[in-house]
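Read the numbers this way: they start at 1 and go in the same order the structure lists the ligands and their atoms. These numbers come from the heavy atoms of this one structure, side chains and all, not from hydrogens, waters or symmetry mates.
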Amino acid sequence: MKQNERIIIIGAGLSGLTLAYSLSKKNVFATVLEASNRLGGRIQTIKGENETPLELGATWFSDMHPNLISLLDELELKKFPQYSKGKSLFQTKSFEPAQEFYIPEAETPSYRIAGGTERLINTLNEKIDAEQIKLKTKVVSIEETENELIVQSNKGEKIIADKVILCLPAQLVGSQIKFIPELPDNISAVLPTVQTWMAGAIKFVLEYSEPFWRKNGYSGMLYSHVGIVSEMYDHTNFEEDKFGFTGFLNGSSSTYTKELRKELVLRQLEELLGKDASTPLTYYEKIWTDEFVLNGNRINSIPHQNNGHPLFKNTYMGGKLFFSGTESIDEFSGYMEGAILSAKNTLKKILK
Ligand SMILES: Cc1cc2nc3c(=O)[nH]c(=O)nc-3n(C[C@H](O)[C@H](O)[C@H](O)COP(=O)(O)OP(=O)(O)OC[C@H]3O[C@@H](n4cnc5c(N)ncnc54)[C@H](O)[C@@H]3O)c2cc1C
């Protein structure tokens, strides 16, 4: 790498921020351009009425994710296991009662980050010089001149770079960014077909003043082929003094109103867990279909389709343009581990 190279990272999700942080440890200060008005991308923790950290995006990981675990250790962030003690429920048929089952204590439990997943984003942000990150700056074009790349935002701002790293879902690279000259046909054809993990998912969170389900011997874990809630888990905080649930809603309910979704969630939970379930302090939900995760023609794709495609290993625009982000990598693609691993691999490539 030459001295004083100007590096632009596009996307302030986990991969972009991890890369900016790793570069800053080597005294290389990149500029991070982020389209939305917040950091984190598919990581978003909100606080309920009781200040309970509630995850609308990424939540769980395991010992199989060593790069995430070592980043948490380095940043001195704590992890804790997902609560799973007691009776869990499985609704298979609408005309039969839910089946009860017990989850054996797992050798490799699922973990959560104490204080919420967004603590990882906020801690990375604190370690990076704030002037490096520009929010509400959506990249719309990248033009190659002889020795440089000109990155243009939707506000018309032009920033010159020696290297540009794409830390956003590949499908968005294809639908949002115009390349001048165009990228080679083979990579242009792949981009729209790369599935973005969890695009279209509907996550919901509930906050309660008491963990009534735990007191009644339930784990809070629910799987259902019947109701609007298809998966649900206990969402009590690390300190065990704030309580709630999180999970996923059936994809077809995206066409309902929010009021109807909430009503159906509470009705399903009341039937399964009793009257206390019907009076949460907070109900929030997020349908992950906004322009920051999904854009342009949505091509039907299977989960993880074309994630880690070999063409993402190549550089483009005369060796100045790099693909990164969780969908660019063939190991743990779609997950937080993949986002961090992609940052690690890209760091090696750009420091060469
Ligand atoms: C509902 C949900 C649940 C999930 N659960 C889990 C889980 O339990 N465990 C797990 O490991 N993973 C989970 N994930 C996946 C995890 O969130 C992602 O793997 C990870 O956050 C991806 O990071 P990234 O930086 O690669 O991409 P992103 O987080 O998508 O970041 C890309 C960033 O680029 C920005 N951007 C987009 N277009 C432009 C543009 N034109 N110009 C500038 N910026 C742009 C976006 O706004 C975004 O901030 C979940 C995701 C969702 C949505």
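Note on L77 and I340: same hydrophobic cluster, where clusters join Ile, Leu, Val, Met, Phe, Trp and Tyr whose side-chain heavy atoms are under 4.5 Å apart, directly or indirectly.
Between the side chains of S153 and T137, no donor-acceptor pair is found at a separation under 3.5 Å.
The distance criterion of under 3.5 Å between nitrogen or oxygen atoms is not met by E337 with respect to ligand 1. Between E327 and ligand 1, a contact under 3.5 Å exists for no N or O pair. Looking at V139 next to ligand 1, an N or O pair under 3.5 Å apart turns up.
At a 4.0 Å heavy-atom cut-off, ligand 1 touches L33 through the backbone alone. Only the backbone of C167 comes within 4.0 Å of ligand 1, counting heavy atoms alone; no side-chain atom from C-beta on gets that close. For L56, every heavy-atom contact with ligand 1 shorter than 4.0 Å involves the backbone, none the side chain. Heavy atoms of Y335 found under 4.0 angstrom from ligand 1 belong to the backbone as well as the side chain. Residue contacts with ligand 1 for T326 involve both N, CA, C or O and side-chain atoms from C-beta outward (heavy atoms, distance under 4.0 Å). Residue contacts with ligand 1, taken as heavy atom pairs separated by less than 4.0 Å, involve T137 solely via the backbone atoms N, CA, C and O. At a heavy-atom distance under 4.0 Å, only side-chain atoms of Q176, from C-beta outward, approach ligand 1.
Listed by number with element, the atoms of ligand 1 under 4.0 angstrom from any heavy atom of W288 are 1 (C), 53 (C). Those atoms of ligand 1 that come under 4.0 Å of a heavy atom in G334, given as number and element, are 15 (C), 16 (C), 18 (C), 19 (O).
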